[in-house]
Amino acid sequence: MNIENKEYLNPPTPTPAEIVTLLDQHIVGQKSAKKAVAIAIRNRWRRLQAGELRNEISPKNILMIGPTGVGKTEIARRIAKIVQAPFVKIEATKFTEVGYVGRDVDSIIRDLVANGIKVVREHALADVQEQAALNAEEIILNALLPKSEKPEEDNKHSEAKEVYRRKYRAGELDDRTISIETKHGQVGFEIMAPAGMEDMSSQLQNIFQNMNLEKGKQQSLLIKDAKISLQQQEAQNLLNEEQIRQDAVRYVEENGIVFLDEIDKVVKNAGHGGEVSREGVQRDLLPLIEGTTVQTKYGSIKTDHILFIASGAFMGTKPSDMISELQGRLPIRVELDALSSEDFTRILTQPTASLTKQYQALLKTEKVTLQFTDDGIETVANIAFKVNEKSDNIGARRLHTIMEKLLEEVSFSADSSIAKTITINKTYVDKQLLELADDEDLSKWVL
């Protein structure tokens with residue numbers, strides 16, 4: 001089956017306005033960054049509709065500039081989830097120039113295609129579940145009612161089998177024990193190979209896996225357990241691994257997103273020199289971002305239409321410190337704003353899975369109801385902003401530390417308390433946090 005006919009590999013792409021609206025449900029502010037990624041994603045769909053020019057249109061890669069904790073990673077992660085794209089997040093500091101100790105940049109694409117294989121296999125398994133369930137049903141019914149060798153008894157056997165089929169589907173046979181043959185899948189291990197030798201590693205891995213496959217063994221199981229085991233086994237048997245590989249390669253080439261974080265850490269500060277391998281990493285990234293072919297154990301992957309989103313704080317450096325060739329391959333630049341006290345207030349309340357909602361859900365399991373008042377939330381936001389100004393600015397991540405400290409006593413004793421309601425207002429927040437926040441030395445260590 002061609003990949004274009006598989007709906008899950010070609011989900012509908014929302015319009016840029018729709019994408020921004022979806023991102024707004026999870027991320028506060030940063031309109032320019034949301035707009036840039038929304039346009040880049042929509043342009044992928046537009047390219048596929050562009051006829052014979054589609055292969056000439058390359059993605060407009062993005063460079064996000066902004067301090068830590070303002071939403072750079074979350075925007076990339078959420079956009080990949082919205083459009084169901086293969087996604088990988090990589091820190092640029094993990095790589096070194098060829099010839100130095102460290103990962104080579106081609107491993108970015110190998111990681112991406114491994115994620116693509118996983119996604120495609122999960123969908124392929126979902127597609128065969130119905131047939132796998134029917135196959136498992138037949139195996140179990142045949143184990144319960146072995147077919148007679150006498151032809152004259154065929155009608156009687158068929159009638160009895162249909163009676164048992166109805167009972168099986170109604171769950172009336174779940175607690176009966178049967179003896180069936182179960183087979184174990186492949187042993188989970190991976191052979192690592194040097195760059196460029198992925199095909200050899202794949203062949204060796206297949207040889208060892210085939211050596212470790214068990215022919216199967218008889219087991220006595222309850223039918224309800226046998227049903228699950230056999231359905232999983234039959235689903236694996238129905239998969240076409242070669243088709244999965246082909247679909248995943250195409251899926252990654254057309255829809256893959258690479259988020260390259262901390263790109264500023266491999267940029268040399270012109271005034272202070274730098275590690276000898278930094279510029280080399282940038283040069284190694286050039287062909288990957290511009291478009292090249294990377295060999296993986298699943299086949300050759302063309303990177304021409306993979307979207308690269310790079311990000312960095314650029315505190316001691318600036319984007320112009322990157323080598324000019326790399327600057328040219330990241331043509332879309334967006335600057336993300338530092339978070340204000342008002343932003344912290346919105347982050348605590350507006351997203352569909354805000355921190356306040358998360359803690360309310362967690363403590364509800366212990367029959368404790370948390371009620372956050374407006375002045376309580378504003379006080380938490382002000383403390384987070386103040387601590388960020390006094391010490392390292394870690395953006396919205398500061399809220400995690402502060403909320404955990406704020407609710408430490410409640411979380412500790414929640415299991416031993418009777419059902420009750422706790423109001424988190426300004427008085428409560430001041431009592432728990434104000435002394436810590438005002439003491440600069442303490443806040444650096446605790447908050």
(request) For side-chain contact (heavy atoms from CB on, under 4.5 Å), just list the numbers for Phe308 and Leu260, CA-CA rounded to whole Å, side-chain angles, deciding distance to a tenth of an Å, and then say yes or no. (result) CA-CA 7 Å; Phe308 287 84; Leu260 193 58; 5.5 Å; no

(request) Decide side-chain contact (heavy atoms from CB on, under 4.5 Å) for Gln243 and Asp247; before the verdict, give the C-alpha distance in whole Å, the side-chain angles of both, and the deciding distance to 0.1 Å. (result) CA-CA 6 Å; Gln243 189 65 54; Asp247 287 350; 3.0 Å; yes

(message) Under the criterion side-chain contact (heavy atoms from CB on, under 4.5 Å), I'd like the reasoning laid out for Leu339 against Ile347: C-alpha separation, chi angles, the key distance, then a yes or no.
(response) CA-CA 10 Å; Leu339 299 174; Ile347 289 168; 3.9 Å; yes

(request) Applying side-chain contact (heavy atoms from CB on, under 4.5 Å), run through Ile377 and Ile424 and close with a yes or a no. (result) CA-CA 8 Å; Ile377 288 173; Ile424 309 298; over 6 Å; no

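Heavy-atom neighbours of Lys167 NZ from other residues, nucleotides or ligands within 6.0 Å: at or below the threshold of 12. Within 6.0 Å of NZ in Lys357 there are more than 12 heavy atoms belonging to other residues, nucleotides or ligands. Heavy-atom contacts from other residues, nucleotides or ligands closer than 6.0 Å to CD of Gln350 number more than 12. More than 12 non-hydrogen atoms from other residues, nucleotides or ligands lie less than 6.0 angstrom from CD of Glu162. Within a 6.0 Å radius of CG in Asp430, other residues, nucleotides and ligands contribute more than 12 heavy atoms.
Among residue pairs with one or both ends in residues 15-24, those qualifying as side-chain hydrogen bond (donor to acceptor under 3.5 Å, both in side chains) are Thr15-Glu18, Asp24-Lys31, Asp24-Lys34; sequence neighbours excluded. Applying the salt bridge (Lys or Arg N to Asp or Glu O under 4.0 Å) definition to pairs two or more places apart or across chains, none involves residues 55-69.
Two residues are said to be in side-chain contact when any heavy atoms from C-beta on lie closer than 4.5 Å; Val70 and Asp337 fail this criterion. At a threshold of 4.5 Å between non-hydrogen side-chain atoms, the residues Phe259 and Val88 do not count as touching. In this structure, the side chains of Glu404 and Glu408 stay at 4.5 Å or more apart for every pair of heavy atoms. Between Thr369 and Lys420 there is no side-chain heavy-atom pair separated by less than 4.5 Å. Put simply, the side chain of Glu137 reaches to within 4.5 Å of the side chain of Arg169, judged on heavy atoms. For the pair Ile82 and Pro14, the minimum side-chain heavy-atom distance is below 4.5 Å. Side-chain contact between Leu125 and Gln236: present, with at least one pair of heavy atoms (C-beta onward) separated by less than 4.5 Å. Considering only heavy atoms from C-beta on, Val294 stays 4.5 Å or farther from Val113 through its side chain.
At distances below 3.5 Å, at least one donor-acceptor pair connects side-chain atoms of Ser340 with backbone N or O atoms of Asp343. Judged by distance alone, the side chain of Ser413 and the main-chain N or O of Glu409 form a donor-acceptor pair under 3.5 Å. At distances below 3.5 Å, not a single donor-acceptor pair connects side-chain atoms of Thr13 with backbone N or O atoms of Arg42. A donor-acceptor pair under 3.5 Å is formed between the side chain of His305 and the backbone N or O of Ile57. Under the 3.5 Å distance criterion, the side-chain polar atoms of Thr345 are matched with a main-chain donor or acceptor of Ser341. Between the side chain of Arg245 and the backbone N or O of Tyr298 there is at least one donor-acceptor pair closer than 3.5 Å. Side-chain N or O atoms of Lys72 include one that pairs as donor or acceptor with a backbone N or O of Pro67 at under 3.5 Å. The main-chain N or O of Leu288 is found under 3.5 Å from a side-chain atom of Thr303 such that the two form a donor-acceptor pair. Between the side chain of Ser229 and the backbone N or O of Asp225 there is no donor-acceptor pair closer than 3.5 Å.
For Lys227 and Tyr168, the positive end sits near the middle of the six-membered ring, less than 6.0 Å away and at most 45° from its axis.
Closest heavy-atom contact between Val281 and Ala92: CG1-O, 4.5 Å. When all heavy atoms of Asp264 and Gly312 are compared, the closest pair comes out as OD1-CA, 3.3 Å. Listed here is the closest heavy atom pair of Pro16 and Ala38: O-CB, 3.6 Å. Listed here is the closest heavy atom pair of Glu335 and Ser32: O-OG, 3.6 Å. Heavy atoms only, all atoms of each residue included: Ile257 and Ala85 are closest at CD1-CB, 3.9 Å. Considering all non-hydrogen atoms of both residues, Asn255 and Pro86 come closest at O-CD, 3.7 Å.
Here Glu241 pairs with Arg121 in a salt bridge; the nearest charged N to carboxylate O distance falls below 4.0 Å. A salt bridge between Glu253 and Arg250 is absent, with no side-chain N of the basic residue lying under 4.0 Å from a carboxylate O of the acidic one. A salt bridge is defined here as a Lys NZ or Arg NE, NH1 or NH2 lying under 4.0 Å from an Asp or Glu carboxylate O, and Glu254 with Arg47 meets this definition. Using a cutoff of 4.0 Å between basic side-chain nitrogens and carboxylate oxygens, Glu290 and Arg329 are scored as salt-bridged.
Ile62 contributes atom CD1, which lies 9.5 Å from atom CD1 of Ile75 (distance to the nearest 0.5 angstrom). Interatomic distance, CD1 of Ile402 versus CG of Asn388, reported as 7.5 Å (0.5 Å rounding). A distance of 6.0 Å separates CD of Gln360 from CG of Leu370, quoted to the nearest 0.5 Å. Distance OG1/Thr356 to CG/Leu348: 6.0 Å, rounded to 0.5 Å. The CG atom of Asn425 sits 11.0 Å away from the NZ atom of Lys431 when rounded to the nearest 0.5 Å. Considering CG of Asp106 and CG of Asp284, their distance stands at 8.5 Å, rounded to 0.5 Å.
Defined by atom type and a distance below 3.5 Å, a donor-acceptor pair is present between the side-chain atoms of Arg397 and Thr68. Residues Ser300 and Gln295 bring a donor and an acceptor atom of their side chains to less than 3.5 Å of each other. A side-chain donor from one of Asn135 and Gln131 sits under 3.5 Å from a side-chain acceptor of the other. Side-chain contact, Thr93 with Glu262: a donor N or O sits under 3.5 Å from an acceptor N or O. Side-chain polar atoms of Glu242 and Gln246 form a donor-acceptor pair below 3.5 angstrom.
Here Arg166 pairs with nothing under the salt bridge (charged side-chain N to carboxylate O under 4.0 Å, His left out) rule; sequence neighbours left out. Residues meeting the side chain to side chain donor-acceptor pair (under 3.5 Å) test with Thr373, sequence neighbours left out: Asp375. Scanning for salt bridge (charged side-chain N to carboxylate O under 4.0 Å, His left out) contacts around Lys161 gives Glu138, with sequence neighbours left out. In this structure, Glu234 has no salt bridge (charged side-chain N to carboxylate O under 4.0 Å, His left out) partners at least two apart in sequence or on a different chain.
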